Every structure is written in C-alpha cells, then in structure tokens.
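Each remark here refers to the structure printed beneath this line.
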2 protein chains.
Amino acid sequence: MVTSFNINEFVDDFKNCCNKVQKKSFNRDETITSYIRNRNQFCILVCGNADLVRYDLNGNKTIIEHFTNNDVFGEVFYSITINNELFVEAKSKCDVLIYNYYDIHTKCTKNCKFHQTLSEYLPELILNKITDLNTRVELLTKRTIRDKLLGYFNLLSTKTFNKTFKIPFSLTDLADYLSVDRSAMMRELKLLKDENFIDKNGKEITLLYK
Amino acid sequence: MVTSFNINEFVDDFKNCCNKVQKKSFNRDETITSYIRNRNQFCILVCGNADLVRYDLNGNKTIIEHFTNNDVFGEVFYSITINNELFVEAKSKCDVLIYNYYDIHTKCTKNCKFHQTLSEYLPELILNKITDLNTRVELLTKRTIRDKLLGYFNLLSTKTFNKTFKIPFSLTDLADYLSVDRSAMMRELKLLKDENFIDKNGKEITLLYK
DNA sequence: ACATTTTTGTTGCGATTGCAACAAAAAACA
DNA sequence: TGTTTTTTGTTGCAATCGCAACAAAAATGT
C-alpha cells in the first residue's frame, strides 16, 4: 500500500473545523503525552519526530516506537500496558493533533472539510501503523543481531529500490529500534563489512550479496 | 478497552448478505492463506486457532502472530514484507471470513444486517489488533528471557485480576511468542521458581513478589 | 570559532543464551 | 486399550551478546 495522504496538506482546513480537535506544538525534549489508562486519547503527528519511550525500574530507557509525519499514536492503542511508565517525547519541533478516539467517529456537526478528509483517510493511517508494527515484530523475532540488521537492510533496500541506501536515523537509535546493545551491533556491522556482506560508509549501506 | 463484540453471534446473518464476503472452513494444519504482495486480502477469524508463520532460508519456523476468535489478519496489514514466505496455518478447525479490504468500506448494496454490524465494530477489532501488536513489541524489546517472562506474567495477572493464572498455550508456543529458545526459557522458569519469584505447577503460575 | 554534547567506533570479559541431545510425562489418535 | 506424537523438563557446551570503559569524530550551541 502506498500512502497517498499527507495530513500536512489539510491541516489548514483545521481553522474552520469544529472544536473537538486540539492542535498543539511541542519543542525538542518536551513530553507530548503520557499513557495512562482509559483516556482513549488518539493523536496524529502532523510534522516532526517523536519517540514512545519506556523507563524501567532501573531507569533504563527503551524506544518502543518512533513516530514521524502522519503517524498515529496514543493510549487508545495501548489499553493494557505492561507497566505504565510510557511517554511520548518530541525529538524535534512537533505539531500534533489530539482527539478523543470516539470523537472521530461521531459525525462533525459543522460537516467541515477537515473532518471529512480525515475520516476518509483514517483507515489508511491506521493500516500504515499496523504495517509498521508488523515489520517491527518481524525484525524483533529474529534471533541474532546479524539477522536483525540484514532484515532491516533488506527492508530499506526494498523500499528504496536500491542496493545502496542511508540509515534514516542514528546508529544509536537503530540499536534501540532493533532492541540490541549498541556496541554489540557496531561489532556485528564491522563483521558484516569484513565478511563482504555489506559495504558501509557512515550511515550509508550497500548490500553486496545476491 | 473491553471487547463487547463477538463476530460469532452475527455470523448467521451472513446467509442473507451480499456475496462480497467469503466464508471458508479449514481443518488443522491446512493453510488458510499466504501473504503475497498487493492482494489487499482482509480476514476475520470467526472461530478456531491459527498462526502466522515464517519459514526462513534454513527452514526454521517462527510463529510471528497467533490468532484466536475475532482476530483480524491478512496481507493488507503486511504490504511490505521483509521476506514473502509467510503463511497462515490453522492450528484447529477454523471458520474464516475473507474480504478484499476495500470492499468493507464500500457500502453493501443489500444494506444487510451483517455488513452493518461489521462496519460498526470493525474499528474495535482493528484497535484490538494494534493493542496486541503493541503488547508483543513491548515484550520483545525486553532484553533478557527473565524480563520477557515477568512482563508476560504481569500482563496475564493484570488481565485476570489474579496472582495465579494459567498460561493459555503450550510452553513451546510461549517460547515462540517471546522469540527465545525453549530450553533456555525452561531453565529461566526453573531459576525464577528456585529464587521464589514465582510458583509453578505445569502451566499454572503464581506471582510471589510485591 | 570555541566549548559542549552527542554519536561513532573499538575491545576485553563475563553473563546469558541458543543448540543439541536426551528421558519422562502428557496428549492425541486409532 | 495400546501406540504414536507432542510437550515438558534437564544439562553441558560453545557462540553470542550485553556491559563497561574509553578515544575519536561529528554535531550542536553560544
């Protein structure tokens, strides 16, 4: 599925919209929201980058999800949390639309264009989210760091139709995304290079096999 | 969110429904569907148990998802696959509804009760799926077998409002779900018991901490 | 332009994990 | 009921991984 929808193009219609939607801006390192039980909060990231992070009892930070333009998030997707120390943190300046999930389905009284466009494309946004989650699960179920890296690289290669591509975030964040130790991942990247599976210049990777 | 909807109660209305829906039955070990690109297939498991499995190049089998009653699946959720050797296999007798995803949104010509009920509860089914995936991701991101087990046990304890509960599938499948080696998981279960974190009788677990 | 913070790159070492192989128990089947 | 298959339980060993600690490079802020 190709995403034909970009919410940023429609966000100006928001000005004439009924008031159930809140639009908020956040700066880097600000907390966009936290996941507490049963508020049914539903958010769309119009622009910017943000992470869903967990802090465990030892203070270790894990990036559970990484959000970019058009991504949907919020506790409505997380009704039963394993632990409730979940925060969405802005990694850059972010514009966010915040709803109550059930307000999306009740028809807008003003019948405004914004709501109309949104409800038309909402299923697509949600399908994208599910696809992202499935991809993440498929990578995380791989047992070795090598398989995780190669799986991820194959994905990027398929997406860009190219054997050469750039890792779209820092290697530190990649380790987090694949849920492995960063230094162990660096070691494995070096081995993959030494064994001629890949070529690597900084964040630019070239697949050498097949 | 509590699921108030059970598709099995409405499946009889299916008989008077327009013919865009296919209802099929499968026996244990039959392949329900495979994930190939771009067919936009969307399925609902009415009853039974099924697994989404991957066979890698070495022939190793991984259970990527486990489906039970009311679960939705299909390649519409998997538009970009890392590799395309994905199959949905029936683990017991299964009744499955099969659509093209885009047919769900086009209004049924007969305006039948079945389609009406379905489109009303579809968002709930999809939210459940996202919640399941998020839960899975949160467990898979934990770094040690111990943390994965305790995370999963906490989840079951929260769900059942009880310190004592039964693991709802075989320990072999649990290892697959947590994506760890079964024997290593058994070893860790024994250690958790020896160190008095849990009590264990077969598949019945009691949490002893807090 | 300089100072500060973040990211990248590297390595030794010990802990955890996966693999292999097996026996016993339980479940499924005929 | 008896047979076959699946699941559970266990252990030694080797491979992999995470942790800690550090230096260099790059990015960021003033």
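A note on names: the letters A, B, ... follow the listed sequences, proteins ahead of strands, and every chain is numbered from 1. When reading the values below, keep in mind they use all heavy atoms of this one structure, side chains included, and skip hydrogens, waters and symmetry mates. Note that the structure is a prediction, hence the values are computed from the model and not measured.
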Checklist entry - How are the rings of B:Phe165 and B:Phe153 set to each other: parallel, tilted or perpendicular (split at 30° and 60°)? => result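 The arrangement is tilted - the two ring planes meet at 30° to 60°.
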Checklist entry - If you look at every heavy atom in B:Asn196 and B:Leu208, which pair is closest and at what distance? => result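 Heavy-atom minimum between the residues: O-CB, 3.6 Å.
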Item to check | Nearest-neighbour nucleotide for the B:Thr144 side chain, C:dT7, C:dG18, C:dT17 considered | outcome: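 Closest nucleotide among those given: C:dT17.
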Checklist entry - Among C:dC19, D:dG18, C:dT8, which nucleotide sits nearest the side chain of B:Arg187? => result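 Selected nucleotide (nearest to the side chain): C:dC19.
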Next on the checklist: Can you work out whether A:Thr172 or B:Ser179 has the more 5'-proximal nearest nucleotide on DNA chain C?
Outcome noted: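 In this pair, the answer is A:Thr172.
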Measure all distances between protein nitrogen or oxygen atoms and nitrogen or oxygen atoms of nucleotides 20-30 of chain C, and list the pairs falling under 3.5 Å.
| unit_1 | atom_1 | unit_2 | atom_2 | d |
| --- | --- | --- | --- | --- |
| C:dA20 | N6 | B:Ser183 | OG | 3.2 |

Item to check | Criterion side chain to side chain contact (heavy atoms under 4.5 Å, CB included) on A:Val76 and B:Leu127, from CA distance to verdict | outcome: CA-CA 8 Å; A:Val76 72; B:Leu127 275 195; 3.6 Å; yes
Next on the checklist: In whole Å, I'd like the distance from the CD atom of B:Glu188 to the C1' atom of C:dA15.
Outcome noted: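 That distance rounds to 11 Å.
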Assert yes or no for the condition that the ring centre distance of [X] to [Y] is strictly below 6.0 Å.
X        : Y        : answer
B:Phe87  : B:Tyr35  : no
B:Tyr177 : B:Tyr152 : yes
B:His66  : B:Phe169 : yes

Next on the checklist: Please classify the nucleic acid contact of A:Lys193 as base, sugar-phosphate, or nothing, using heavy-atom distances under 4.0 Å.
Outcome noted: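 Since no nucleic acid heavy atom lies under 4.0 Å of A:Lys193, the category is nothing.
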Checklist entry - Base, sugar-phosphate, or nothing for A:Ile145, non-hydrogen atoms under 4.0 angstrom? => result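 Result for A:Ile145 = sugar-phosphate.
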Checklist entry - OP1 or OP2 of C:dT8 less than 4.0 angstrom from a side-chain nitrogen or oxygen of A:Lys200, does that happen here? => result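 No, A:Lys200 has no side-chain N/O under 4.0 Å of OP1/OP2 on C:dT8.
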Checklist entry - Do any side-chain nitrogens or oxygens of B:Lys190 fall under 4.0 Å of OP1 or OP2 in D:dT8? => result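 Checking D:dT8 against B:Lys190, no side-chain N or O comes under 4.0 Å of OP1 or OP2.
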Checklist entry - Considering the options B:Gln41, B:Glu75, B:Glu89, which one meets the side chain to side chain donor-acceptor pair (under 3.5 Å) requirement together with B:Thr33? => result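 Only one of B:Gln41, B:Glu75, B:Glu89 forms a side chain to side chain donor-acceptor pair (under 3.5 Å) with B:Thr33, namely B:Gln41.
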Item to check | Verdict with supporting geometry, A:Thr164 and A:Glu204, side-chain hydrogen bond (donor to acceptor under 3.5 Å, both in side chains) | outcome: CA-CA 7 Å; A:Thr164 302; A:Glu204 193 180 271; 5.7 Å; no
Item to check | Divergence of helical axes at both termini of the helix from C:dA1-D:dT30 to C:dA30-D:dT1 - five pairs an end, 10° steps | outcome: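 About 80°, once rounded to a multiple of 10°.
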